[in-house]
Amino acid sequence: MGQGSAQRSEEQPGNEIDPPSDAVIEGSDVWIPQWNSDPDSKDGDLHRDIEAVDKLLSGLLSAKHEEGSCLSRYNSASYQRKLAYQPSSYLISKLRSYEDLHKRCGVYTESYNKTLGQLGSNGSSSSSDCKYVVWISFSGLGNRILTLASAFLYALLTNRVLLVDPGTDMADLFCEPFPEVSWFLPQDFPLKHKFSKFNHNSPNCYGKIMKNNRSTDPSGMILPSLVYLHLVHDYDDDDKLFFCDQHQSLLHQSPWLVMKTDNYFVPSLFLIPSFEKELHDLFPNKDTVFHFLGRYLIHPVNSVWGLITRYYQAYLARASERIGIQIRVFDTGTGPFQHILDQVLDCTLKENLLPQTERRTNVVGLASNRKSKAVLITSLTAGYFEKLRDIYWENPTVTGERVSFYQPSHEEHQQTEKSIHNQKALAEMYLLSTTNVVVTSSWSTFGYVAQGLGGLKPWILYKPENRTAPDPPCGRAMSMEPCFHAPPFYDCKAKKGVDTGKLVPHVRHCEDMAWGLKLVDQQD
C-alpha cells in the first residue's frame with residue numbers, strides 16, 4: 001500500500017486525510033517533473049517530459065496573461081490529459097474576438113459607463129454598442145461552474161459581455177479568464193444588493209413580463225433596459241420562453257440581461273434555430289462544449305493550485321494508472337452504506353477498472369507485476385475510502401498490481417457557504433480530472449465538472465432505489481458533456497409539448513436522469 005491516506009494516525013485538522021507537506025514543489029513554470037510510470041524502470045526514477053507542454057491548449061488560451069498571477073492557467077497542461085479534440089479555428093478566433101470585446105466594453109470603460117446610465121429606460125432606446133449578460137452567483141460550486149460555462153456560451157452567441165457576480169468566494173476560487181480586464185461585476189453596480197431576492201415574480205423577470213402580456217404579439221413589445229432571466233430549476237413555462245427563437249430576437253433589445261440559474265442549459269441552446277450554424281462552426285464535435293469552455297474559463301487561484309499540485313505530486317504522480325471514484329450519496333442517514341460500497345465494487349470490478357483480489361491471506365501475489373494503480377476517492381465521508389483501502393490492504397490482487405487509495409478530505413456534509421470547503425471541493429474536482437479513468441455518481445454536478453475538465457467519458461454509478469445496489473451497477477456515458485437537469489419540453493413553433501430529447505441526433509436524454517438532456521457527438 002502507498003503511504004498517502006493508508007496511515008490515518010496523523011490526521012490533520014479540518015478533516016483532511018494526510019495532506020502532503022508544503023515542501024512538495026508546486027512548479028512555477030510549464031516544465032513539471034513527472035514520475036516515471038514505466039513498470040520496467042527502477043523505482044523512484046524521475047524524468048522530465050522531453051516533449052514541450054502545450055500550455056496554450058492548441059490556441060484555446062490567450063498568450064497575453066501574466067503567468068505568475070495564475071500558475072494554473074499555463075501549467076494545467078502538465079497535469080491534465082491533452083484536449084480530447086482539437087478546438088476549431090472558428091472557436092479560437094471567436095474567443096480572441098470576445099477578449100477584444102470584453103476589453104472594449106468591460107467595467108468602467110466609456111461604453112460600460114454609457115450603458116449603465118441607460119438603466120431604467122426602455123431597451124429599444126439604448127444606443128450603446130455594448131450589451132451585457134450578468135451572471136448571479138447562485139447554488140453549489142459544481143452548479144456555478146457549469147452555469148458559468150452556459151452563460152459564457154450564451155454571451156458568445158449573442159455578442160454580449162459576460163460580467164460575473166463575485167458572490168462571497170468567486171475571487172478566492174478562480175483566476176480572471178480574460179486578459180487585462182476583469183470579468184467581475186463591481187460592488188457599486190446598481191441593483192446588485194437585490195440579486196439574492198430576484199425570482200420569477202420580480203417585475204423585470206422575463207417570464208413575468210410575458211405572463212402579463214400573453215395577448216400581445218412579442219415582436220411588437222418593448223422591453224426594459226434590464227431584464228431578469230429566471231432559469232432556476234423551479235422556472236415555469238413563461239420563463240422557458242427564453243429558449244424560443246422569437247423571444248431571443250426580443251431579448252436583443254435589452255442591453256442588460258441578468259441571469260440566475262442552477263442549470264447547465266447548453267443542450268437547449270442547440271435547439272434554437274438561429275444559433276444552429278454558429279454552434280456547429282464553434283463545436284464541430286458537439287460533445288466538447290464544456291470540455292473546451294471549462295478549460296478556457298476555469299483556472300484555480302494559486303492557493304487552490306497549491307492544494308492540487310502538492311497532492312498530485314505526493315500521491316498520484318508515481319502510479320502507472322490513476323483512477324478517480326466520485327461518490328455522492330443522496331440518501332438521508334449516516335453512511336457509509338453497504339449498498340453503495342457493493343455498487344462501487346461491482347462496477348469497478350466488472351469494468352476491469354480495479355483488479356480482483358485473492359481472499360486467501362497466505363497468497364502473496366505476482367511479484368513480477370510492478371504496475372500500480374492510484375485510486376482517488378472523493379466523498380463527503382471517509383467510510384468508503386477506508387473500506388476499499390482495507391480490502392486491498394488485507395487481500396492481494398490476483399494480477400499482482402499494487403493498488404493504493406487516497407482521499408484528500410471528508411467534510412461530512414456539503415458546506416456551500418464556506419470558502420475553505422469550496423476551495424477543497426474545487427481542488428478535488430480538478431484532481432479527479434487528472435485521472436486516466438473516472439467513475440462518477442448520478443445527478444452529481446461535481447462529477448460532471450471533473451469529467452468535462454478531464455475530457456473523460458465516465459462510468460456512471462446509477463442511482464440506487466430503496467437502498468439496493470442497482471443491476472447493472474454502472475454504465476459508460478455517451479459523452480463527457482454534463483446533463484441539463486431541467487430542460488423545457490416545448491415546441492416553440494407548434495406551441496405545444498414535445499420530447500426535446502428526440503428532435504436532433506446530437507441532443508439526447510441523459511443516462512443518469514431520464515428527463516434530462518445532454519449533448520453527444522453524432523458519430524457516437
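In this text, all values refer to a predicted model and were calculated from it rather than measured experimentally. The chain is numbered in sequence order, starting from 1.
For the ring-ring contact (aromatic ring centres under 6.0 Å, His included) test with F152, the passing option among F178, W183, F290 is F178; the others fail.
Summarising the local packing, NZ of K103 is surrounded by 12 or fewer heavy atoms from other residues, nucleotides or ligands at distances under 6.0 Å. Remark: H252 NE2 is loosely packed, at most 12 non-hydrogen atoms of other residues, nucleotides or ligands lying under 6.0 Å away.
Ring geometry for F265 versus F484: interplanar angle over 60°, hence perpendicular rather than tilted (30 to 60°). Taking the six-membered ring for Trp and thresholds of 30 and 60 degrees, Y112 and Y108 have ring planes more than 60 degrees apart, a perpendicular arrangement. W443 and F330 have tilted rings, their planes meeting at an angle from 30° to 60° on a 0 to 90° scale. Between W305 and Y430, the angle of the ring planes goes over 60°, which puts this pair in the perpendicular group of the 30/60° scheme.
Residues K64 and E99 are not paired through a salt bridge, judged by the lack of any N-O separation under 4.0 Å between the basic side chain and the carboxylate. Under the 4.0 Å criterion applied to side-chain N and carboxylate O atoms, E481 and K518 are not assigned as salt-bridge partners.
Counting only distance, with no hydrogens or angles, the side chain of D217 and the backbone of S219 share a donor-acceptor pair below 3.5 Å.
Taking the centre and axis of the six-membered ring of F138, the NZ or CZ atom of K260 falls inside the cone set by 45° and 6.0 Å.
In this structure, CE on M478 lies 13.0 Å from CZ on R476, to the nearest 0.5 angstrom. To the nearest 0.5 Å, atom CD of residue E176 and atom NE2 of residue H102 are 7.5 Å apart.
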Q: Decide salt bridge (charged side-chain N to carboxylate O under 4.0 Å, His left out) for D287 and K457; before the verdict, give the C-alpha distance in whole Å, the side-chain angles of both, and the deciding distance to 0.1 Å.
A: CA-CA 10 Å; D287 60 348; K457 285 186 183 179; 5.2 Å; no
